[in-house]
Asks: 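If you scroll down you'll find the structure; I have some questions about it.
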Amino acid sequence: MSAAVVFAACLAPFLRLAWLACHAGLSPNPVAFVEHRTGDWAINLLCAALALRPLARLTGSSWFMKRRRMVGLFAFFYACLHFTTYLVFDLEFDLGQLAEDLVKRRYILVGFSAFLLMAALAATSTDGMIRRLRKNWQRLHRLVYACAVLAVVHYWWLVKKDHHWPAIYGVAVGSLLGCRLLPSFWRKVVV
Amino acid sequence: MRFRKRASPTPIPASEITPYETYLSRRELLAGGTGIALGAALGFGARHAAAEAPAPLAYVRNAALSVSEPPNSYQDITTYNNFYEFGTDKSDPAARAQSLRTRPWSVSVGGEAEVTGTFPLEDILKGHALEERVYRFRCVEAWSMVIPWVGFPLGDLLKRFKPTSRAKYVAFKTLYDPKQMPGQSVRILDWPYVEGLRMDEAMHPLTLLAVGLYGKTLPNQNGAPLRLVVPWKYGFKSIKSIVRIRLVSHQPPTTWNETAPDEYGFYSNVNPNVDHPRWSQARERRLGELWKRKTLLFNGYESEVAGLYKGMDLRVYR
């Protein structure tokens, strides 16, 4: 399977949103709809990116490891759309309002932290950066787990009452983090 | 992006409109034949056959108590709902509320009143002239709509039950039946949904018991067959599908207040100056508009209702 398939799969949610936008399909509240869907896909693809390592272990194929950058960058792409929608349509570019939100509302603070962290990881995702940062690159990019945890906390804190989706993501990210933290235990399970 | 389509109100001559009671009894006759035959022919179960299609109502437009802002489309009003009894997504109620049976329906009235008992909906509605009132509707989640409700003042109904001097509050309850309201099988809220008003709020001429919108009976997802509309309060105060009204002497428990007392007060008057702990209430997104607009104190009904709260600190009595 070629990388193009992964690219197409990652782009599909965006194309769907674009199609819905052209066909009045973004619900009666298009801004909230776009915010929710782009947020969903940022966190979905973060989880997918984190799942590639265990998948590589399970299958013994390096193909999965090579897809991490593309999937991770797509997660950042959706996070950008998510943040931009909030900045343009909720804040109307009012940075004072952004500062107030960051101080007053903890779910915005953790969400924004996750976004900045993802931006740093995206900026250092090039081959050149990998070479230049050497050992530090790996240390830095382990922070993708922190992004995922912050994203789940962001989701958990923002919902009004129904926590079942944030809980599902919490279990997913928790399991993936568990896999990473306990490699020896995990290896035993697989073998 | 979708933009508002201005609704074109086509006045229906009164002679062409079936009075509510006549309509209901006609439906009853028809339901025995056509409904079941059609349901069977299409292979629908009882679940689908149960839903009542919205039907035209006889009403008079109350321009004095209506806002001049253009109403949201019927589509917006009936597909974007918070009605957790049918699921927590805004599109769930429209998709799932067809399992609610609104016929027959009865409302029990009790507590501090001379006349109490359980009354069929027809008796509740009897003698009340229906009015159309176009009200602003502001959700606590910072979105809003403009809705042409059809209903009658709650105060007119309450007077019929002759509240005693001990009646200081009115408590309302929504139907509890997880078979009809599948969202109730998940304990997201402490079912059944309950709400309440202070007596003077309940008797205020703006407080409406709605049976319809856009000139037709309420679709299930909008709280059929009988719901409260309190336009100066956040939407969750306007309890849907009411089965019990009680006149009580003490402030009754209300569902969202019990669920998260720090986030939702008993009064829950629309107030741009008191933020929800997790978001600002200063502005709102009117559905159909791209940019947010300023939220008005008491949702723009300040001149009518501010007197009810004279001397009360609105930050304390949220």
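Chain identifiers are assigned alphabetically (A, B, ...) following the order of the sequence lines, protein sequences preceding nucleic acid strands; residue numbering begins at 1 within each chain.
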Asks: What's the spacing between B/Trp279 CH2 and A/Tyr107 OH if we round to 0.5 Å?
Replies: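 One finds 7.5 Å between CH2 of B/Trp279 and OH of A/Tyr107.
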Asks: Between A/Val88 and chain B, with a heavy-atom cut-off of 4.5 Å, which part of the residue counts as in contact: side chain, backbone, both or neither?
Replies: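 For A/Val88, backbone and side chain are both near chain B.
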Asks: Do you know which of A/Glu92, A/His23, A/His164 has the most heavy-atom pairs under 4.5 Å to chain B?
Replies: A/Glu92
Asks: Do A/Phe33 and B/Lys90 have side chains that approach each other closer than 4.5 Å (heavy atoms only, starting at C-beta)?
Replies: no
Asks: In Å and rounded to the nearest 0.5 Å, what is the CG to CG distance from B/Leu287 to A/Asn29?
Replies: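 Taking CG in B/Leu287 and CG in A/Asn29, the distance rounds to 5.0 Å.
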Asks: What distance separates A/Asp101 CG from B/Arg278 CZ, expressed to the nearest 0.5 Å?
Replies: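 A/Asp101 atom CG to B/Arg278 atom CZ measures 13.5 Å (nearest 0.5 Å).
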Asks: Quick one, B/Ser280 and A/Arg105 - any side-chain contact, counting heavy atoms below 4.5 Å?
Replies: yes
Asks: Do you know which two heavy atoms are closest between B/Asp76 and A/Pro28, and how far apart they sit?
Replies: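 Reported closest heavy-atom pair: OD1-CB, 3.4 Å.
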Asks: Could you point out which residue of B/Arg285, B/Lys292, B/Glu289 forms a side-chain contact (heavy atoms from CB on, under 4.5 Å) with A/Val31?
Replies: B/Arg285
Asks: Can you confirm whether more than 12 heavy atoms, excluding those of A/Phe14, are under 6.0 Å from its CZ atom?
Replies: no
Asks: Should the pair A/Lys160 and B/Trp256 be classed as cation-pi, given the thresholds of under 6.0 Å to the six-membered ring centre and 45° from the axis?
Replies: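 Yes, A/Lys160 lies over the aromatic ring of B/Trp256.
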Asks: Enumerate by number any residue of residues 257-270 of chain B whose heavy atoms lie under 4.5 Å from heavy atoms of chain A; in the absence of such residues, state 'none'.
Replies: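 The list, in residue order, reads B/Thr259, B/Tyr264.
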Asks: Nearest 0.5 Å please: distance from the NE2 atom of A/His36 over to the CG atom of B/Asp89.
Replies: 9.0 Å
Asks: What are the residues of residues 137-144 of chain B, in order of number, with any heavy atom under 4.5 angstrom from a heavy atom of chain A?
Replies: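 Heavy-atom contacts from residues 137-144 of chain B to chain A are B/Val140, B/Glu141, B/Trp143.
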Asks: Does a side-chain N-to-carboxylate-O contact under 4.0 Å join B/Arg283 and A/Asp90?
Replies: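 So B/Arg283 does not pair with A/Asp90 through a salt bridge.
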Asks: Using a cut-off of 6.0 Å, state whether more than 12 heavy atoms not belonging to A/Arg142 lie near its atom CZ.
Replies: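 Enclosed.
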Asks: Counting only non-hydrogen atoms closer than 4.5 Å, does B/Asn82 touch chain A with its backbone (N, CA, C, O), its side chain (CB onward), both, or neither?
Replies: side chain
Asks: Using non-hydrogen atoms only, which part of A/Leu158 is less than 4.5 Å away from chain B: side chain, backbone, both, or neither?
Replies: backbone
Asks: Is it the backbone or the side chain of B/Ile77 that comes under 4.5 Å from a heavy atom of chain A, or both, or neither?
Replies: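 B/Ile77 has no heavy atom closer than 4.5 Å to chain A.
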